[in-house]
Amino acid sequence: MNEIKEAYEAIQANQNLNDSLKENFEELITIFHSVFEKIDLNNFNERIKGLKIKRGSRYLINTDTEYNPRENILYINEEKLKESDATHSLMMNVLQMVTSKENFYGLNDNLKLSSVDIGITEMIANNLVGNEEEIKNQDELIMANLYGEVVGINNMMSAYFQNDSSMFIKPLMTESYDMKKTQDLLDMAEYNYKTRDDLKTSNIDKMQSIYISLYINKDRFDYIKNNVITNPAILNDRVQELNETKLAINNYSFEEKNKIVA
């Protein structure tokens, strides 16, 4: 029996799912498997067979959907789900079930990487099904793309699907000009992720500035130039600092960089 057929049978076996959810999950796991055909679906199959659904208002559930791997419960706020891209949100939940291991999913074996994990999940979901609404984890998505330039997208995907945060951390630290500042960056990203909605403020400009100070070099300049999307002036300021230190980027003058990003 092929994997996708087993996934369909696991979905249909769950009496907690109504016909609409079953149809949605079948469509989403088909899309996932068509792109990531080498990723084992056993985790998903085991999770979906026993998945419990709990519905509630915005006062009980802060977001449109939320998957709890410990209890294998999908919380759904139908009021918020109507306002969001339901396909995108449910694809993120599918990815969380695919990467579930014991009481965590993705890179959450390291409790300080939940912001990285959600950023990678957003990245994959966007590529698989798009997103017709405002991205709720925009900061995390930006940083995941920037981390991927250092770690390597393939390595980052392997770390994510294999639940191995060390595969992500090791190259991130190895490539850094200052490992302590890299840890500070990860801590800031985590704090930003967990407090942004309540505080109504974002540290994304500061995080990108620190990232640039840690990882910018000639080979990465063009990528960073095109992906520091919230405030290009950050790059100009940081390049000027780097040009005044031993970390100067060879073959680029500050004036040339200013022209490029202006």
Side-chain angles (χ1 to χ4, degrees), residues 1-56 61 63-78 81 84-111 113-114 116-131 136-137 140 144 153-168:
M1 186 183 299
N2 63 42
E3 278 197 287
I4 199 65
K5 186 175 180 181
E6 290 179 356
Y8 293 162
E9 291 185 356
I11 292 168
Q12 291 300 324
N14 189 337
Q15 299 302 310
N16 297 322
L17 306 178
N18 60 32
D19 290 343
S20 178
L21 275 176
K22 287 180 178 179
E23 183 178 344
N24 286 332
F25 280 127
E26 285 190 353
E27 179 181 359
L28 293 172
I29 199 62
T30 300
I31 294 170
F32 172 82
H33 187 63
S34 69
V35 176
F36 295 99
E37 59 182 14
K38 293 183 179 180
I39 300 298
D40 191 286
L41 298 183
N42 284 336
N43 279 349
F44 174 81
N45 294 346
E46 289 303 312
R47 295 280 173 161
I48 199 71
K49 278 192 291 189
L51 183 69
K52 297 178 285 291
I53 306 295
K54 288 195 176 181
R55 291 176 168 82
I61 304 172
T63 186
D64 49 3
T65 66
E66 181 179 335
Y67 177 62
N68 181 329
R70 180 183 297 274
E71 300 177 353
N72 197 27
I73 295 175
L74 179 62
Y75 294 92
I76 297 178
N77 180 331
E78 293 183 339
L81 193 60
S84 67
D85 185 334
T87 299
H88 177 88
S89 296
L90 289 173
M91 178 57 88
M92 291 188 68
N93 301 138
V94 165
L95 291 167
Q96 289 164 344
M97 284 186 272
V98 167
T99 61
S100 286
K101 182 178 180 181
E102 299 171 355
N103 297 325
F104 67 92
Y105 47 72
L107 293 180
N108 283 325
D109 62 321
N110 184 323
L111 297 178
L113 293 180
S114 58
V116 178
D117 178 81
I118 200 70
I120 297 172
T121 306
E122 282 278 8
M123 180 192 300
I124 299 171
N126 284 347
N127 279 280
L128 291 175
V129 297
N131 191 350
K136 57 189 174 186
N137 299 300
E140 291 69 40
I153 290 295
N154 288 339
N155 288 339
M156 193 164 73
M157 293 296 110
S158 294
Y160 177 79
F161 285 115
Q162 294 178 33
N163 308 110
D164 188 350
S165 59
S166 66
M167 293 176 65
F168 171 81

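Every residue meeting the side chain to side chain donor-acceptor pair (under 3.5 Å) condition with Ser165, not counting sequence neighbours, appears here in chain and number order: Asp109. Applying the side chain to side chain donor-acceptor pair (under 3.5 Å) test to Asn68 and every residue at least two apart in sequence or in another chain returns nothing. Not counting sequence neighbours, the partners of Ser20 by the side chain to side chain contact (heavy atoms under 4.5 Å, CB included) test are Asn18, Asn24. Partners of Thr87 under the side chain to side chain contact (heavy atoms under 4.5 Å, CB included) rule, at least two apart in sequence or in another chain, are Leu28, Asp85, Val129. Every side chain to side chain donor-acceptor pair (under 3.5 Å) that Ser166 has, sequence neighbours left out, goes to Asp164. With sequence neighbours excluded, the residues that form a side chain to side chain donor-acceptor pair (under 3.5 Å) with Asn14 are Asn16. For Asp40, the side chain to side chain contact (heavy atoms under 4.5 Å, CB included) test picks out Glu3, Asn42, with sequence neighbours left out.
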Donor-acceptor pairs under 3.5 angstrom involving side-chain atoms of residues 118-127: please list them, not counting sequence neighbours.
residue	atom	partner	partner atom	Å
Thr121	OG1	Asp117	O	2.8
Thr121	OG1	Tyr160	OH	2.9
Glu122	OE1	His88	NE2	2.8
Glu122	OE2	Asn137	ND2	2.8
Asn126	OD1	His88	ND1	3.3
Asn126	ND2	Glu122	O	3.4
Asn127	ND2	Met123	O	2.7

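Side-chain atoms of Asn43 come within 3.5 Å of backbone N or O of Val98 as a donor-acceptor pair.
Evaluation of the salt bridge (charged side-chain N to carboxylate O under 4.0 Å, His left out) test over residues 12-31, restricted to residues two or more places apart or in two chains, returns none. Counting only residues at least two apart or in different chains, side chain to side chain donor-acceptor pair (under 3.5 Å) contacts with residues 44-54 comprise Glu46-Lys49, Arg47-Tyr67.
Here the CG-CD distance, from Leu74 to Gln96, works out to 9.0 Å after rounding to the nearest 0.5 Å. For the atom pair OG of Ser114 and OH of Tyr105, the computed distance is 8.5 Å after rounding to the nearest 0.5 Å.
Inspection of the Ser84 and Asp64 side chains reveals an N or O donor paired with an N or O acceptor under 3.5 Å. Side-chain atoms of Tyr8 and Thr30 form a donor-acceptor pair, as typed in the model, at a separation below 3.5 Å.
For the residue pair Met156 and Ala144, the shortest heavy atom distance occurs at CE-O, 3.3 Å.
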Item to check | Worked check of side-chain contact (heavy atoms from CB on, under 4.5 Å) between Phe25 and Leu51 | outcome: CA-CA 12 Å; Phe25 280 127; Leu51 183 69; 4.2 Å; yes
Checklist entry - Are Phe161 and Phe36 close enough, and set up right, to give a ring-ring contact (aromatic ring centres under 6.0 Å, His included), and what steps lead you there? => result CA-CA 10 Å; Phe161 285 115; Phe36 295 99; 5.2 Å; yes
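Side-chain contact between Ile29 and Ile4 is present, with at least one heavy-atom pair separated by less than 4.5 Å.
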